[in-house]
Novice: 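Submitted below is the structure of interest, expressed as structure tokens.
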Protein chains: 2
Amino acid sequence: MLSQRSKYALRAMTMLAAGKPGELVLVADIAKHRKVPRKFLELILLDLKKRGLLHSKRGKNGGYCLARPASKITFGEIVRITDGPLAPLACASLTAYRKCDDCEDEKTCSIRRVMRNVRDSAAAILDKVSLADTASKTR
Amino acid sequence: MLSQRSKYALRAMTMLAAGKPGELVLVADIAKHRKVPRKFLELILLDLKKRGLLHSKRGKNGGYCLARPASKITFGEIVRITDGPLAPLACASLTAYRKCDDCEDEKTCSIRRVMRNVRDSAAAILDKVSLADTASKTR
DNA sequence: GTATATGTCGACTAAACTGATCGGGATTCA
DNA sequence: TGAATCCCGATCAGTTTAGTCGACATATAC
């Protein structure tokens, strides 16, 4: 299950995708419209910014906007940033591979094989769906 | 990502599936061969038993065995017992549906729609793969 | 320059969860 | 009886999660 963090991130991003590209939106506005605790949202947006998904401007009339066109930001990216790898097992992850501690033979591990399939099918969806695919329906 | 619990459960179950049907196996043996902390494994097996996946016998010459043919026990069942619903969001779950707190219109929620697809594709795999599919390769 | 709005950031907290251990109880068999 | 074995409640340390607080940096408007 996705963390609250991830859910909030997705909500915020779909809201930004629904507006005009480049238009700055206040953290407070996102928090209000998407029902996200304000201060918590700040942390999440900051993180998304550091990972290159958002731009921000400080000071008066500041705010956040998408760093790229909505069509170039996928659900997969957002989820990986806020929740970590998609794969159910680290040894089945592409973006965050790590060898199992106790598994001798990765090649023949049927658990890994199955989980790799799960990962692949999740990635096939999440890495294809972009914020643009949701923008029209979200407002 | 799957919890350690789930990983241990899957390892234990594949081991039981690899043996003769109905043959009793000691917790201690599973713990040893699958490198799972013994006491922790007891809890997990007990849980799987309560949910109808395992049979056990107490006392001398006791042990655990699968409660059904390996072909009738799926990865999906095991994961749901040890890790909860497959869906990334409760509102996208079939077996553990719960309405989103803050989502007004489920019908048009694009986040939900995407996550429902992810759930469906994961379930399509995990509910189809059974322990029998792994048994031959696991020994 | 000053005031003010706004993002930035580190520290902090309470609660829940995770992974695991301990000690003993109940049951079965020989 | 006694050894083997599953059953079970209590406990625990560490991590994660969700969220708050307060101060600071920066930009704009005046």
Side-chain angles (χ1 to χ4, degrees), chain A residues 1-12 16 22-32 34-67 79 81-85 88-90 100-102, chain B residues 1-12 16 22-32 34-67 79 81-85 88-90 100-102:
Chain A
M1 299 269 277
L2 287 183
S3 65
Q4 202 67 12
R5 248 179 98 73
S6 269
K7 290 187 230 169
Y8 289 160
L10 288 170
R11 280 198 222 161
L16 288 170
E23 187 183 24
L24 293 171
V25 182
L26 303 185
V27 176
D29 281 353
I30 302 174
K32 191 175 167 192
R34 295 303 206 205
K35 294 178 183 161
V36 179
R38 157 105 196 248
K39 281 294 197 176
F40 193 30
L41 181 59
E42 280 185 12
L43 298 182
I44 297 167
L45 295 182
L46 196 55
D47 205 9
L48 291 168
K49 177 194 167 164
K50 284 177 182 164
R51 304 291 291 266
L53 268 54
L54 294 176
H55 274 159
S56 69
K57 197 183 149 198
R58 303 220 267 194
K60 200 165 185 180
N61 301 324
Y64 279 94
C65 66
L66 299 183
V79 170
I81 288 172
T82 49
D83 241 27
L89 298 176
C100 286
D101 296 335
D102 313 322
Chain B
M1 299 271 276
L2 288 183
S3 65
Q4 201 65 13
R5 249 178 99 73
S6 270
K7 290 186 230 170
Y8 290 160
L10 288 170
R11 280 197 222 162
L16 289 169
E23 188 184 21
L24 293 172
V25 182
L26 303 184
V27 176
D29 281 355
I30 302 175
K32 192 174 166 193
R34 295 304 206 203
K35 294 178 185 160
V36 180
R38 156 103 196 254
K39 281 296 197 176
F40 193 31
L41 182 58
E42 281 185 11
L43 298 181
I44 297 168
L45 295 182
L46 197 55
D47 205 8
L48 292 168
K49 177 195 166 163
K50 283 177 182 163
R51 303 291 290 268
L53 266 54
L54 294 177
H55 274 157
S56 69
K57 198 183 150 199
R58 301 220 267 193
K60 201 166 185 178
N61 301 325
Y64 278 97
C65 66
L66 299 183
V79 170
I81 289 172
T82 50
D83 242 27
L89 298 176
C100 285
D101 296 337
D102 313 322

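This structure is a prediction, so every number in the text was calculated from the model and none was measured. In what follows, chains carry the letters A, B, and so on, assigned in the order in which the sequence lines appear, proteins first and then strands, with residues in each chain numbered from 1.
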Novice: Pick from A/T82, A/L46, A/I81: which one makes a side-chain contact (heavy atoms from CB on, under 4.5 Å) with A/R51?
Specialist: A/I81

Novice: Within less than 4.0 Å of OP1 or OP2 of C/dT8, is there a side-chain N or O belonging to A/K49?
Specialist: yes

Novice: Atom CG of B/L2 and atom C1' of C/dC17: how far apart are they, to the nearest Å?
Specialist: 16 Å

Novice: From the set C/dA20, C/dT8, C/dG19, return the single nucleotide nearest to any side-chain atom of B/R5.
Specialist: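 Of the options given, the side chain of B/R5 lies nearest C/dG19.
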
Novice: Look up atom CG in B/D47 and atom CZ in B/R5, then write down how far apart they are to the nearest 0.5 Å.
Specialist: 5.0 Å

Novice: Using OP1 and OP2 only, check whether a side-chain N or O of B/Y8 sits under 4.0 Å from C/dG19.
Specialist: no

Novice: Report yes if some heavy atom in the side chain of B/I30 is under 4.5 Å from a heavy atom in the side chain of B/V25; otherwise report no.
Specialist: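 Of all side-chain heavy-atom pairs linking B/V25 with B/I30, at least one is under 4.5 Å.
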
Novice: For B/L43 and C/dT18, give me the distance from atom CG to atom P, rounded to whole Å.
Specialist: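 These atoms are roughly 14 Å apart.
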
Novice: Please compare A/K57 and B/G59 by the position of their nearest nucleotide in DNA chain C and report the one closer to 5'.
Specialist: A/K57

Novice: How close do A/L54 and A/K49 get, counting heavy atoms only, and between which atoms?
Specialist: O-CG, 3.5 Å

Novice: Which pair of heavy atoms, one from A/R11 and one from A/K35, lies closest together, and at what distance?
Specialist: NH1-O, 3.6 Å

Novice: Measuring to OP1 and OP2 of C/dC9, would you say a side-chain N or O of A/K39 lies under 4.0 angstrom away?
Specialist: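 Negative; the distance criterion is not met.
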
Novice: What are the 5'-most and 3'-most nucleotides of DNA chain D lying under 4.0 Å from any heavy atom of chain A?
Specialist: D/dA18 to D/dA29

Novice: Looking at C/dC17, I'd like to know if its phosphate oxygens (OP1 or OP2) sit under 4.0 Å from a side-chain N or O belonging to B/S3.
Specialist: no

Novice: Tell me the interatomic distance from A/D47, atom CG, to C/dC9, atom P, rounded to whole angstroms.
Specialist: 11 Å

Novice: Closest approach of B/L26 and B/G62, non-hydrogen atoms and distance?
Specialist: CD2-O, 3.3 Å

Novice: For B/K60 and A/E42, take the nucleotide of DNA chain D holding the closest heavy atom to each; which residue's nucleotide lies nearer the 5' end?
Specialist: B/K60

Novice: Show the nearest heavy-atom pair for residues A/M1 and B/P85, with the distance to one decimal.
Specialist: SD-CG, 3.9 Å

Novice: Give the rounded distance in Å between these two atoms: CG of B/L26 and C1' of C/dT28.
Specialist: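 It is 14 Å, rounded to the nearest whole Å.
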
Novice: In whole angstroms, how far is the C1' atom of C/dA20 from the CD atom of B/Q4?
Specialist: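 Roughly 11 Å, once rounded to whole Å.
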
Novice: Whole angstroms only, please: what is the CE-C1' distance between B/M1 and C/dT18?
Specialist: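 Value for this atom pair: 14 Å.
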
Novice: Starting from C1' on C/dG24, measure out to CZ on B/R38 and report it in whole angstrom.
Specialist: 14 Å

Novice: Between B/R58 and A/K50, just flag the one whose closest nucleotide in DNA chain C comes earlier from the 5' side.
Specialist: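 Of the two residues, A/K50 wins.
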
